[in-house]
Every structure is written in structure tokens, then in C-alpha cells.
Amino acid sequence: MNETGPDRLRVLVTGVLLALGTLLFRLPAFLNSDAADSDITVVGLQAWHLARWERSLLLWGTNYQGITASLAALVLQTLLPVRPSLALLLSSVLGHVVLVLSLFGVLRRVLPLALAVLAAGCVAVCPEPLNYLTYSAFRIWSFALVFLGLYLAERAAGEFRPRWHMLFAGLAGFAVGMGYYSDLFAMQFLPGLVLYLLWWTWGAARKPRWLALGAVVAGFLVGSIPRFRAHMKPPALSELSLEQLKQVWPLFWEQCLPYVTGAKLFSSLDGFHRPEVRPEGFWFVLMVLGLGTFLLLALAGGLIALLPIADRTARRLAWCGAGWMGVSLIGFLFTGRAVDVMSARYLVPVLLGFPLMAAPVLDRLVRSGRTAVGVALVLLVMAHFGVAGWRGYGGWVDGALPHVTRYGTGADEQALLEELQKRGVEAATGDYWAAYRLTFLWKEQLLMPPSYGSERYEPYQRKFAAARRKALIFFPAIPVTSFKEPESWEERFRSEGRPYERVTVGPYTALIIQ
């Protein structure tokens, strides 16, 4: 939809408010930014090394993620006078803001302002599996670039000047190529984007159609150059197997699908354990209504997209969203990569594709004069997602209010650093889930590579090996680890006649050895 004058200003103000709402919904995470885990803080650590001109096209310790998130973290850490953990989270949430605003811009092509902002709001506020990726710094930028590509493609579709049409088409392909480089997870989006592209090119005049298609492909190839140079290899189709279905189905049906849609909550109190929290009373009613409306809009939108009774743009968006949802479900059920409740993150395209799937039915409601009905339906879904996402913060919220935890402020971690430095400790080791987090919170003043598990940055290990005085760090909140309690290690040191010193700070225990 095209706006001029006051209407354009209204859209701009609405977009700003939508961005602010996206940021405010992450307030519990911002207040507890020092609780960021090792997977997340690796991004911040690499950002510091990129600032020292350390060259790499891959995120530390992976062969399937690029350095887009680390570059975003570097920019925010450089520009903002805030503590590093907060800048790291802000750099990730900024990617989600780009995603939400791109989605809003796409939906404005087919829906009035109120419906477009509410449908985009269903992604701005969202259940924990997607929300976690929003503030976790290492994946959301790949999604944001895909949505930016979709927005640029829609800009190209509405552009009648050939040069601008071609430019936006090329930039759309480039954004998607960069998104795929940022994280090979974006492979799930490619089939839906191909369906979208077929609809998109078919609506143009013959010559611009094929020229625009060439511009998209060329842009995608240019955006993929970092992926080619990094020798990233996506999962093979041979991973798909019917044998996986029987094994994965219980996890999918009983935990992951309900979790990603907000039907079940697995809220964490300490960042590790995620007991199930069942909705009760009013929240149960809201969950039933919101989830029912979610299914209604998605299914109805998919059916209408098959018929020539809705706006053509709305139909091609629905085909794109359907591709995202379908590939996500197939990949989850038939690859065997899902192992626990946190594997629900592999299903987030189901949430990201929903507003696109709902576009045709919302378009029909508007055309039949029932805009208010569409607003009410989308509000139900948004309210359900918002409550599920907010309650999904677990110990970071107390009812409706954000709650600051001691673990989230990093107070014990800084006290531990001081005690270790007083005793001349030069390096430490422990479980993976403590190692990189503490190294980041300590700003590399004292390095702590993991004793076992994923090795994300081998030079840390070399510095640990060269240290004369070391510490073993134990943290009892980690569920399964040999660095949970120190007693067995102490017994071993005593039997070997090896001297050590025990230091306890908050929940942490350190055994200092030569």
C-alpha cells in the first residue's frame, strides 16, 4: 500500500513504536544480561578479537555459522557506553528489530496499518524458543537478513522504474545470500523463498521478469561469497529418513511443538533446568483461544492461497510462509537432529511463517468489511504469544514485572575473579557452560577454556597449558558435569599428595593448583 503525506508519517510513527515494543519486551534479558551463556558469549569474545584484526569467516568452533553476529556485536560494543554483556544482547535484539520492521513493511503491501502492525507484533512478542534466539546473539541475524530480503523483493515488485526494480531485486538476493552465510539454519527458508520467487517473477512483464530473476540470483551469489570462501557445507538431503519419525515423534508432539507455539512452558529459574509450567485459570483460557486462532488463521490462509480469491501479493506471501512451516516440520521429524526440549528452536520457522500464512484470510476479511474481526483474531494470537514469551523468562520475571537476579548481574563472578587474582591464578578451566561465559564476563583478564566439551577457540587452551598457577571452577547449577561439585577432585588430589587451595564465592568453588 502506498502512502503520502500524513499517512506516511503515521506509518513511520507506528514502525518506531513497533521497534520500541520489540526492545521493551526483552527488558528482563537486558536487566540480566550477565546471565548470557557460553554459546552467546563466544560471539562477544570473537568480536573483541575481530577488533584486533584477527581474521575469520566462521564463528569460533563452528562450520555452519558466519561472523555476522560477531560483527554486529563489535559495532554495538564500540558505539555504546554500556557493559559488554548488555551491548552483546542489544546487538542481537537489534537484529530482531530489523526482522520485525521488515515483516511490517512486507505486510503493509496487503494489509491496513492496524492489521499489519499486529501481525508483525506476533513475531515482536513470541514464545520462548524464538524469543531465546532473539536475545542469544548467534542466530537472529540470519533470520533478519532473510526478512530484509523479502522486504526488498516486495519493494522491487512495487517499483515501476526498471533500474530501481533491478536494484531492489539484486539487493534482495544479496540479503538472502548473506543470511544463509550467517547461519546455515537459513536453509530451511530457501524452499519457501523459491516458491515466493516463482510467484513474484510470474507477475511481471516478460522482459523485466527474467531480468529481475537474474538480478536476484546474481545478488544471492554475491552474498554467498563468504559462505563459499569459508567452505561451509549445509546438511545433506540424505539425512532425511523415515526411521527417524518414530523416535522423534514423542519429543515433537509432547514437548517441542507445544513449546514453540506456547501451549506448554518450560521456564528456567537458573538458566539450566527447565521444568514444565502448565497454564492455569485465565492463562489456560487465553492459551486455548490464542492457539486455536493461530491454527485457524494459518489453515484458512493456506486454503485461500490456493484459490484466486485473495490479493496476489497475499497469496505469494502465504506460499512462502507455507514453505517455511512445511520444511521446518519435515526437517524436525525426519532428520533426527532433535534431542531435547530445547530442540524446539528448530521449529521457529513455524512462528516466523505464520503472519505470511495469515495474510490471505486477513486480506479477505478487510475486503468484506470485517477488518475489526481480523484485528480481534490477530490480537488473540499476539496476546497468547506475548504471555507465553513473558512467562518463558522464568526467574527473570516476577508476575508482570521484570526481576533482576544475582546470577544476571554477574556480582558473584566478579568477586570470584578478584579472589583468583589475589591468589595469583593465571588461568582456569571447568565445564563448557561456565568457561566462555566467565572468560567474557572477566573481559579475558583471566582465561577459562573448557576442560572438555566443545572447543571454540584453541589458543585459549595453549595459554591455559602455559599457566603456572591454575584453578578448577565448579558450578553446581550445571545439570550433568564433572565440574558440579569439587569433593571427588579433592579426594583425588589428597590421594596423589598434590597440594591445592579451596576458595568458595557465592555458588562457585575453585580449587587452585600449581
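Atom set for the values below is all heavy atoms of this structure, side chains included, hydrogens, waters and symmetry mates excluded.
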In sequence, state the C-alpha distance, the side-chain angles, and the governing distance for Leu380 and His384, and then conclude on side chain to side chain contact (heavy atoms under 4.5 Å, CB included).
CA-CA 6 Å; Leu380 271 177; His384 162 57; over 6 Å; no

Are side-chain N/O atoms of Asp37 and Tyr432 paired as donor and acceptor at under 3.5 Å?
no

Phe25 pairs by ring pair (Phe, Tyr, Trp, His ring centres under 6.0 Å) with which of Phe30, Trp390, Tyr135?
Trp390

Could you state the interatomic distance from CG (Leu86) to CG (Leu90), rounded to the nearest 0.5 Å?
4.5 Å

Using the ring of each side chain (for Trp, its six-membered ring), is His49 parallel, tilted or perpendicular to Trp60, with breaks at 30° and 60°?
perpendicular

Can you tell me if CH2 on Trp319 sees more than 12 non-hydrogen neighbours from other groups inside 6.0 Å?
no

Under the criterion salt bridge (Lys or Arg N to Asp or Glu O under 4.0 Å), which of Arg367, Arg364, Arg316 is the partner of Asp311?
Arg367

Shortest non-hydrogen contact from Leu297 toward Val381:
CD1-CG2, 4.3 Å

Cut-off 3.5 Å, side chains only: do Glu455 and Tyr460 have a donor facing an acceptor?
no

More than 12 heavy atoms from other groups under 6.0 Å of CG on Leu307
yes

May I ask you to decide if the ring planes of Trp253 and Trp249 are parallel, tilted or perpendicular, using 30° and 60° as cut-offs?
parallel

Out of Tyr180, Trp324, Tyr196, which residue meets the ring pair (Phe, Tyr, Trp, His ring centres under 6.0 Å) rule with Phe189?
Trp324

Report the relative orientation of the aromatic rings in Phe354 and Phe385; use parallel for angles under 30°, tilted for 30 to 60°, perpendicular for over 60°.
perpendicular

